[in-house]
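Okay, so here's the structure we're looking at.
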Amino acid sequence: MNVRRRSSAAALAAIAVIGAAAAPAVAADPSPSSSPSKTAPSGLYGTTDPQYDGVWRQSLALLAQDTAGVIPSSTAVKWLTDQQCANGAFAPFRADPAAACDAKTPVDTNNTAAAVQALWAVGGHGDVVESALGWLKSVQNEDGGWGYVPGTPSDANSTSVVVGALTATETDPEKVVKDGKSPYDALLTFALPCAKDKGAGAFAFQPDKDGKLLPNADATAAGVLGALGEGLVADAADKAGAASCTDADKPTREGAAANAAAYLTATLAKDGHLVSALGGSADQPDYGNTADAVVALAAQGGADKAAEPLAWLEKNAAKWAAESGPAAYAQLIFAAHATGTDPRDFGGTDLVAKLNATGPAPQGVAAKDTASANADEKSDEKDDDSPFGVWWFVGVCLVFGIGIGFLLSNRNKKQQP
């Protein structure tokens with residue numbers, strides 16, 4: 001496949017960069033990378049040890065910035081491209097990108113697929129994207145899906161994130177086949193039937209040791225997006241889709257997505273959020289998976305279907321994101337985007353500014369967003385006939401300039417092995 005190369009000239013047209021990079025905020029990330037890195041690599045978002053999530057959080061950060069109309073730092077983009085191995089794959093983190101990858105380099109499908117989505121979005125790296133896609137296709141399993149590590153059984157999460165990479169790059173997943181099986185064929189094998197007393201319509205991560213499918217909320221949110229052919233960034237459905245569990249002799253991927261959305265809706269109904277239990281401890285709110293569920297519900301049935309968990313996130317997720325770092329801010333930005341919510345005023349928090357502050361200052365704001373803002377301001381000025389209109393407009397511009405300066409100064413998604 002010839003990967004489309006976006007014009008860097010168009011992508012870099014922007015307003016003047018205001019301010020210098022702010023010092024990254026130190027985050028207490030609850031992931032395996034929670035210990036602060038003594039020497040945070042230049043260009044990387046977040047200050048915690050990147051050993052297990054460097055590429056993942058960088059990919060989500062860049063993708064979220066692009067989604068919010070921000071042109072990422074070239075240093076940050078280069079950090080990500082430098083992480084790629086010669087065969088096209090990405091590992092969670094390579095301390096020495098100049099050293100060649102070998103058999104011991106822990107490359108995986110999830111980080112590679114996330115990097116593809118981010119680099120395609122920011123544009124100008126078609127060769128990197130094409131090489132990564134080639135590697136992903138080379139490690140596809142016979143059932144049409146992917147496991148986290150090449151050679152391991154397929155799972156719903158990994159298959160879904162690779163589907164997102166394929167569709168983001170205008171590659172039809174139905175045409176990416178192994179032994180006659182596509183990724184969609186693999187995803188349907190993880191879908192629970194509606195007849196199940198518990199977990200009806202959900203997706204399992206993968207069959208357990210006895211071959212049984214057990215409902216998994218994380219896999220279900222991922223499975224909805226994968227079955228719909230959506231990536232990490234998804235728009236709300238144009239028209240509301242039914243979220244009811246209906247069995248069929250041969251379920252379609254759209255039907256499986258609707259069944260899974262019904263499961264998520266029922267699971268969220270109790271508290272307005274998903275929960276997780278670690279090591280036998282009491283159930284805790286699962287902010288990241290709740291954000292993923294918001295994206296999935298909006299993509300399947302429209303923004304209204306995600307209203308309750310979105311409202312819960314707006315009220316409760318700010319502290320979690322501050323503690324968890326760039327990937328968490330990115331997940332919330334994806335949730336805001338999918339529901340048409342302003343990520344710069346998410347429950348009173350400017351998610352974009354908070355994300356930007358965790359790494360190198362972006363280059364600016366995309367030209368199309370600047371033009372739109374300017375048009376809105378001119379319209380407001382024309383409509384304001386009061387004698388104070390001009391001074392009000394000047395004041396707003398000054399405040400807007402200060403706000404943009406702050407903005408530009410600045411998943412961790414739970415993975416299952």
Q) Side chains of R57 and T358: is there a donor and an acceptor less than 3.5 Å apart? A) no
Taking every heavy atom of F90 against every heavy atom of L80, the minimum-distance pair comes out as CE2-O, 3.2 Å
Query - Side-chain heavy-atom pair T341, E314 within 4.5 angstrom cut-off - result: yes
- Compare all side-chain heavy atoms of S160 with those of L225 and state whether any distance is below 4.5 angstrom. no
In short, G147 meets T109 closest at the heavy-atom pair O-OG1, 2.8 Å
Minimal heavy-atom distance between L268 and L297, with the atoms involved, is CD1-CD1, 3.6 Å
To the nearest 0.5 Å, atom CZ of F205 lies from atom OH of Y148 at 10.0 Å
In terms of heavy-atom contacts, L136 and A113 come closest through CD1-CA, 4.2 Å
Checklist entry - What do you reckon, is CD of E254 surrounded by more than 12 foreign heavy atoms closer than 6.0 Å? => result yes
(message) Would you say Q65 and Y45 are linked by a side-chain donor-acceptor pair, where the criterion is simply a distance under 3.5 Å?
(response) yes
| request: Kindly indicate whether the side chain of L351, heavy atoms from C-beta on, has any atom under 4.5 Å from the side chain of I333. | output: yes
Paired with Y287, the side-chain contact (heavy atoms from CB on, under 4.5 Å) test is passed by just one of D292, L274, N316, namely N316
Note: S154 and G145 closest approach over all heavy atoms is OG-C, 3.2 Å
W120 side chain reached by H125 side chain, heavy atoms, under 4.5 Å:
no
inquiry  = When you measure from the side chain of N259 to the backbone of T246, do you find a donor-acceptor pair of N or O atoms at a distance under 3.5 Å?
reply    = yes
Treating Q331 as the side-chain partner and A291 as the backbone partner, does any N or O pair qualify as donor plus acceptor under 3.5 Å? no
Could you tell me whether a side-chain N or O of N141 sits under 3.5 Å from a main-chain N or O of G144, the two making a donor and an acceptor? no
### Task
For the residue pair N110 and N157, confirm or rule out a side-chain donor-acceptor distance under 3.5 Å.
no
Nearest heavy-atom approach of A132 to Q84 is N-NE2, 3.6 Å
Residues passing the ring pair (Phe, Tyr, Trp, His ring centres under 6.0 Å) test with H273, sequence neighbours excluded, are W312
- Message: For a 4.5 angstrom cut-off between non-hydrogen side-chain atoms, does L60 reach Q117?
- Response: no
Q) Does any non-hydrogen side-chain atom of V107 lie less than 4.5 Å from one of T112? A) no
